[in-house]
Amino acid sequence: METDTFDVSVSAEEKEEMPKIWNFSAGPGMLPRPVLEAVQREFLDYRGLGASIVEMSHRTHAVEAIVESLTDGLRGLLAIPEDFEIFFTQGGGRTQFAMVPANLLRGKTGAYLVTGLWSAAALEEARRIGRAEAVVRTEGDVPDATECDWPDAAYVYYCDNETVHGIEFSAPPMAPEGVPLVADMSSNFLTRPIDWSRHGVVWAAAQKNFTPAGLTVVIARRDLLGGLLAHMPSMFDWALYAREKSMPNTPPVFQLYIADLVAKWVRSEGGVEELPRRALERSSLLYEALDARPDLYVTNVARRARSRVNVPFALRNPDDLADFIAAGEREGFRQFTGHASVGGLRVSLYNAMPLEGPRRFAEFLRAWRP
Ligand code: PMP
């Protein structure tokens with residue numbers, strides 16, 4: 001079972017083939033077309049084994065090989081040091097909001113940088129588990145160099161990219177000496193390198209960029225494992241996942257399989273050295289078009305905090321929203337309305353989005369008239 005020789009790189013023909021619609025969903029988001037085609041090709045008969053991958057026990061060599069290949073692939077792509085464990089859990093991002101304090105609090109306080117909806121939700125969840133406080137709250141921006149004055153901080157927590165508000169850190173925030181920094185990278189995972197010297201834990205719910213919903217990747221420094229609070233469910237224990245190679249129970253095999261293909265695709269596209277360049281190029285096209293027409297469009301995020309993957313904006317006149325959406329759909333654009341909590345519009349541009357998508361959307365922004 002040679003999973004690592006499986007080639008999912010894009011052929012020249014596939015590169016030329018443009019989608020009929022442009023899917024700007026914030027998540028679950030677009031996956032690379034060559035990956036979906038590979039999945040389709042081998043869905044009924046996984047690499048000559050005579051059964052589909054979704055029909056196989058997780059105790060088979062085939063599935064173990066997928067997890068190993070995925071883990072090794074991520075370690076290589078993101079240059080994850082050997083003192084970090086890589087493992088996969090279920091329950092999505094919101095379950096991880098609880099697992100972070102359950103594993104790290106140890107009677108201390110969780111210190112949260114609240115920059116938008118998802119860091120606020122993580123703080124609320126942590127408060128169900130133990131003591132947690134907002135060190136700083138910002139709206140439409142990231143905090144300046146943060147002074148964390150919680151003497152008993154167990155960890156400092158931030159959301160690297162706020163998917164709803166389109167706010168992204170350009171560099172990791174500061175944490176006091178010896179206090180681990182924890183990052184939620186659900187919506188910008190694999191869009192740039194990660195500075196491991198600054199982080200204790202990085203985690204990502206995978207459904208934006210990486211695989212269908214149902215898988216969360218956790219990358220945690222080994223010395224931070226083993227501290228699960230006594231009254232917590234054993235399935236919250238990061239150390240258990242690390243020890244059992246992500247299989248303390250039946251894992252989501254299909255999600256692991258697709259994630260492995262996506263990791264290979266990322267490598268074939270030039271890895272996290274090339275993808276940040278593309279993310280910047282895609283999002284800049286939209287920000288330029290929005291900035292050019294302040295009479296029509298409103299953006300509320302400070303320039304330094306503008307997300308490269310989620311571009312939220314509103315119409316100067318909200319009464320035009322339905323017309324704008326209908327006009328966009330006629331152009332073939334889909335899933336570009338804002339999150340229910342903020343309204344307006346949002347264009348999401350994950351790794352699989354060809355440059356042509358935002359290029360066309362930018363043209364549309366320039367041409368649209370109420
Ligand atoms: N964190 C971020 C940054 C997110 O964007 C989301 C979901 N969009 C979550 C956490 C929550 O993930 P889930 O829906 O898997 O609970």
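Counting convention: from 1, in listed order, for ligands and their atoms alike. Since we're looking at a predicted model, the values are computed, not measured.
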Does any N/O atom on [X] come nearer than 3.5 Å to any N/O atom on ligand 1?
X: Thr163; value: yes
X: Trp203; value: no
X: Gly91; value: no

Glu162 side chain to Ser307 side chain, donor-acceptor N/O pair below 3.5 angstrom: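 On atom types as modelled, these side chains do not qualify, holding no pair under 3.5 Å.
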Contact between ligand 1 and [X] is defined here as a heavy atom of the residue under 4.0 Å from a ligand atom; is it met?
X: Asn161; result: yes
X: Cys159; result: yes
X: Lys208; result: yes
X: Met185; result: no

Could you find the nearest protein heavy atom to [atom] and give me its residue, atom name and distance?
atom: atom 11 (C) of ligand 1; value: Trp118 CZ3, 3.6 Å
atom: atom 14 (O) of ligand 1; value: Gln207 NE2, 3.6 Å
atom: atom 16 (O) of ligand 1; value: Arg94 N, 2.8 Å
atom: atom 1 (N) of ligand 1; value: Asp184 OD2, 2.6 Å
atom: atom 13 (P) of ligand 1; value: Gly93 N, 3.3 Å

Would you say the ring centers of [X] and [Y] fall short of 6.0 Å from each other?
X: Phe210; Y: Tyr350; result: no
X: Tyr158; Y: Tyr112; result: no
X: Phe336; Y: Phe313; result: no
X: Phe84; Y: Trp196; result: yes

Minimum side-chain heavy-atom gap Glu42-Ile53 below 4.5 Å: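 The answer is no, as the side chains (C-beta and beyond) never meet within the 4.5 Å cut-off.
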Region of Glu162 engaging ligand 1 - heavy atom pairs below 4.0 Å: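 Neither; no heavy atom under 4.0 Å.
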Side-chain ([X]) to main-chain ([Y]) donor-acceptor, under 3.5 angstrom:
X: Arg346; Y: Gly343; value: no
X: Thr115; Y: Val142; value: no
X: Gln90; Y: Thr216; value: no

Distance under 4.0 Å to a non-hydrogen atom of [X]: what atoms of ligand 1 satisfy this?
X: Phe97; value: 10 (C)
X: Gly92; value: 15 (O), 16 (O)
X: Ser186; value: 1 (N), 2 (C), 3 (C)

Interatomic distance, Ser52 atom OG to Asp45 atom CG [nearest 0.5 angstrom]: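 Here the rounded value is 9.0 Å.
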